[in-house]
Amino acid sequence: MHDIRALRETPEPYIKGWDAKGLSGSALVAQILDLDGKLRAAQHGWQTAQAERNDASKKIGAAKAAKDEAEAARLMAQVEALKARLEAEGEAETTATQALQDLLSGLPNIPATDVPAGADEHDNVEVRRWGTPFAIANPKDHATLGEALGLMDFEAAARMSGSRFVVLKGPLARLERALGQFMIDMQTQEHGYTEVSPPLMVNDAAAYGTDKLPKFADQLFQTTDGRWLIPTAEVPLTSLVMGQIVAEEELPLRYTALTACFRSEAGASGRDTRGMIRQHQFYKCEMVSITTPERSDAEHERMVGCAEAILKRLELPFRTMLLCTGDMGFGARKTYDLEVWLPSEDRYREISSCSNCGDFQARRMDARTKAAGEKGTRFVHTLNGSGLAVGRTLVALMENYQDEDGRIAIPQALHPYLPGLTHIGGKG
RNA sequence: GGAGAGGUGGCUGAGUGGUCGAAAGCACCGCACUCGAAAUGCGGCGUAGGUGAGAGCCUACCGUGGGUUCGAAUCCCACCCUCUCCGCCA
């Protein structure tokens with residue numbers, strides 16, 4: 001959500017920010033200021049009417065106390081005459097509030113000033129690269145490898161669930177589980193995140209607070225009783241501070257969770273239909289940081305490092321991209337994507353996304369912090385990042401560690417999690 | 001699912017139709033006392049919005065949404081949540 005007062009006082013950053021996101025900033029700001037003006041006029045009218053009523057009501061009380069029934073009756077008639085106006089003014093106020101709220105809640109965060117301008121993913125900026133893609137002759141994709149091993153079954157998944165699901169078996173199922181354990185252990189034991197086992201279903205308020213609603217309802221699965229399956233653990237982890245006032249000395253709060261994630265992928269038909277790159281259900285290790293405005297940029301860099309560390313430990317080549325204004329998500333003011341090398345596609349593919357949302361989500365969910373000795377509160381800054389997407393890591397691992405016989409080597413870092421297993425497939 | 005109790009400010013907790021935005025305590029801030037601190041005393045202390053040059057004034061907010069009333073924290077209805085007991089259950 002946006003700070004209407006800031007927008008009113010200095011609209012330029014909003015105009016520029018929305019322009020950079022491909023929207024018409026000046027038109028939007030003009031529309032917002034118009035609605036805001038109407039709202040304030042409506043508020044003023046309503047409040048004036050209420051003040052009159054309140055004043056008369058008090059006098060009625062006084063008149064009745066003084067046993068002056070004639071005066072009381074006269075005043076009651078006066079208030080009665082006010083009623084229609086009061087109702088109309090109240091309705092106007094509600095309508096104006098709703099109109100402004102509807103417009104604002106659907107508008108994305110504005111980019112940080114150091115985010116490169118650009119229209120789409122082609123304008124993202126590579127900030128660093130780690131590792132060298134392995135030389136693999138005629139690399140097979142993970143689906144081919146998995147099916148050949150008899151450990152990955154898309155057809156069985158389609159029979160019971162439909163497209164965009166997969167069944168993993170035997171050592172491949174075990175590998176997926178080991179990857180998740182490995183990731184969450186690193187984030188908790190080496191990077192200081194607190195492990196959380198959160199609900200996988202949330203209510204409207206949590207989905208709204210993390211900017212999934214109202215705009216992206218069609219990307220979510222909803223339960224019959226109106227709850228939402230989480231598309232990422234960012235939603236419950238960030239919602240831990242929803243409506244809370246956190247003492248500043250307790251910040252930063254760093255949470256991590258290994259959960260299933262559910263996405264409808266509406267509008268993605270035809271994209272990544274083969275394999276397990278884009279599924280309705282996948283596991284992800286998520287990191288969330290809650291911090292102060294002063295420290296959020298540093299926390300963001302730190303978080304990217306925590307995600308990169310996983311890929312380094314797994315010895316998977318990747319590059320770190322700073323997303324341009326046009327490619328960032330709805331709630332982010334700055335985002336880094338990690339892209340891992342996929343031999344079968346001969347290119348880097350997204351495996352993690354780390355975003356600093358500033359106070360955008362905090363305003364929506366009313367998450368504040370209070371410094372000791374200070375009078376007021378401030379909105380916290382929220383950050384989230386994948387560390388990492390387990391399914392895509394499994395894909396990267398299979399493709400990068402395949403040999404010519406279709407066997408898959410297990411990297412050193414996972415050996416403690418897979419005792420006795422150095423390869424999947426073949427005779428090993 | 002059934003029966004009951006309850007949701008009030010940062011926290012605890014009074015308030016059951018008329019200056020109640022709300023007693024009291026705790027916490028917090030200022031001042032006094034003190035070499036300093038503690039203790040004590042005095043004062044202050046919710047949030048959001050509107051309006052005004054400013055002091056200030058006005059409006060809303062007592063789980064949420066409706067309703068009754070001239071007037072609702074207080075009465076009525078629905079929903080949400082918490083707790084206790086019973087039932088069912090991984």
Side-chain angles (χ1 to χ4, degrees), chain A residues 1-9 32-101 103-105 197-209 213 222-228 236 239-251 253 260 290 359 362-380:
Chain A
M1 185 49 68
H2 301 281
D3 182 352
I4 185 68
R5 199 184 291 175
L7 193 149
R8 204 148 58 205
E9 283 165 9
I32 291 165
L33 292 179
D34 178 57
L35 286 175
D36 181 49
K38 283 180 178 151
L39 169 59
R40 287 199 281 170
Q43 268 179 343
H44 191 69
W46 188 44
Q47 289 180 5
T48 307
Q50 281 180 128
E52 282 179 40
R53 184 202 61 188
N54 290 348
D55 187 54
S57 289
K58 277 180 190 169
K59 283 181 184 158
I60 292 169
K64 290 210 166 179
K67 302 266 192 258
D68 187 349
E69 291 299 332
E71 173 67 1
R74 189 188 68 78
L75 288 162
M76 278 161 78
Q78 187 184 319
V79 175
E80 188 63 33
L82 246 176
K83 238 179 181 172
R85 186 180 135 209
L86 204 54
E87 197 169 320
E89 301 268 24
E91 207 164 298
E93 199 270 352
T94 305
T95 306
T97 302
Q98 193 62 47
L100 185 59
Q101 159 80 13
L103 180 59
L104 284 177
S105 64
S197 176
L200 305 186
M201 295 181 218
V202 297
N203 59 24
D204 286 352
Y208 174 81
L213 291 181
Q222 190 165 31
T223 64
T224 53
D225 65 354
R227 286 175 236 275
W228 307 90
S239 296
L240 285 169
V241 294
M242 175 166 62
Q244 302 293 302
I245 298 173
V246 184
E248 195 165 310
E249 57 265 30
E250 287 175 34
L251 300 177
L253 296 173
I290 312 294
D359 64 6
R363 285 179 183 280
R364 293 171 88 99
M365 64 171 66
D366 191 25
R368 291 170 289 163
T369 181
K370 185 177 181 303
E374 297 282 322
K375 195 169 172 333
T377 57
R378 296 187 298 164
F379 290 111
V380 296

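Letters go in sequence order (proteins before strands), and every chain restarts at 1.
- In this structure, the side chains of A:L213 and A:W228 come closer than 4.5 Å at one or more pairs of heavy atoms.
- Judged by distance alone, the side chain of A:T377 and the main-chain N or O of A:K370 form no donor-acceptor pair under 3.5 Å.
- Nucleic acid contact class of A:R8 (heavy atoms, under 4.0 Å, all strands): sugar-phosphate only.
- A close approach under 4.0 Å does not occur between any side-chain nitrogen or oxygen of A:N54 and OP1 or OP2 of B:C58.
- Distance check: A:Q98 CD to A:T95 OG1 gives 8.5 Å after rounding to the nearest 0.5 Å.
- With both ends at atom P, the span from B:C57 to B:G21 equals 14 Å, rounded to whole Å.
- As rounded to whole Å, 17 Å separates atom P of B:G49 from atom CD of A:Q50.
- A:R5 has a side-chain polar atom (N or O) that falls below the 4.0 Å cut-off from OP1 or OP2 of B:G49.
- Applying the side-chain hydrogen bond (donor to acceptor under 3.5 Å, both in side chains) test to every pair with at least one member in residues 69-84 of chain A, sequence neighbours left out, gives these pairs: A:E71-A:R74.
- Taking atom P on both B:C58 and B:G41, the two are 34 Å apart, rounded to the nearest angstrom.
- Separating the CE atom of A:M76 from the P atom of B:G71 is a distance of 9 Å, rounded to the nearest angstrom.
- Comparing the same atom, C1', in B:G10 and in B:C80 gives a spacing of 24 Å after rounding to whole Å.
- When the P atom of B:G50 is taken as reference, atom CD of A:Q47 falls 9 Å away, rounded to whole Å.
- Separating the NE2 atom of A:H44 from the P atom of B:G50 is a distance of 12 Å, rounded to the nearest angstrom.
- With RNA chain B read from its 5' end, the first of the two nearest nucleotides for A:T48 and A:L75 is the one closest to A:T48.
- With A:T369 as reference, A:E248 is the one residue of A:E249, A:E248, A:E250 to meet the side chain to side chain contact (heavy atoms under 4.5 Å, CB included) rule.
- Between A:Q43 and the phosphate of B:A60, there is no side-chain N or O to OP1/OP2 separation shorter than 4.0 Å.
- A straight line from CZ of A:R227 to C1' of B:C79 spans 13 Å, rounded to a whole angstrom.
- Straight-line distance from the CZ atom of A:R53 to the P atom of B:U59: 9 Å, rounded to whole Å.
- The gap from the P atom of B:A38 to that of B:U34 amounts to 15 Å, rounded to the nearest Å.
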Identify the pairs formed between an N or O of the protein and an N or O of nucleotides 15-23 of chain B at a distance under 3.5 Å, and give each distance.
residue : atom : partner : partner atom : Å
B:G18   : N2   : A:S57   : O            : 2.9

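- Annotation: B:A23 and B:C76 have their C1' atoms spaced 28 Å apart (nearest Å).
- In this structure, the nucleotide among B:C70, B:G50, B:G10 sitting nearest to the side chain of A:V79 is B:C70.
- OP1 and OP2 of B:U47 both lie 4.0 Å or more from every side-chain N or O belonging to A:R368.
- Distance CH2 (A:W46) to C1' (B:A48): 13 Å, rounded to an integer number of Å.
- The nearest whole Å value for the distance from the CG atom in A:D366 to the P atom in B:C61 is 18 Å.
- Using N1 to N3 plus N6-O4 or O6-N4 for Watson-Crick, or N1-O2 and O6-N3 for G-U wobble, each under 3.5 Å, B:U40 pairs with B:A32.
- Pair assignment for B:U74 gives none, since no Watson-Crick or G-U wobble pairing has each distance under 3.5 Å.
- When atom types are taken as modelled, the side chain of A:R364 and the backbone of A:Y208 share a donor-acceptor pair closer than 3.5 angstrom.
- In this structure, B:G6 forms a base pair with B:C81, meeting either the Watson-Crick or the G-U wobble geometry with both donor-acceptor distances under 3.5 Å.
- Counting only heavy atoms from C-beta outward, the side chains of A:D366 and A:M242 never approach each other to under 4.5 Å.
- With C1' as the reference atom, B:C45 and B:A24 are 15 Å apart, rounded to whole Å.
- Residues A:V246 and A:I290 fail the side-chain proximity criterion, which asks for heavy atoms closer than 4.5 Å.
- Residues A:I245 and A:A51 each lie close to RNA chain B; by heavy-atom proximity, the contact nearer the 5' end of the strand is made by A:I245.
- With both pairing distances under 3.5 Å, B:G21 is matched to nothing as a Watson-Crick or G-U wobble pair.
- Taking the C1' atom of each, B:C85 and B:G71 are spaced 41 Å apart, rounded to whole Å.
- Atom name C1', nucleotides B:G4 and B:C61: the rounded distance is 30 Å, in whole Å.
- Not a single donor-acceptor pair under 3.5 Å links the side chain of A:D204 to the backbone N or O of A:A207.
- Shown here, B:A48 forms a base pair with B:U59; the pair counts as Watson-Crick or G-U wobble because both key distances fall under 3.5 Å.
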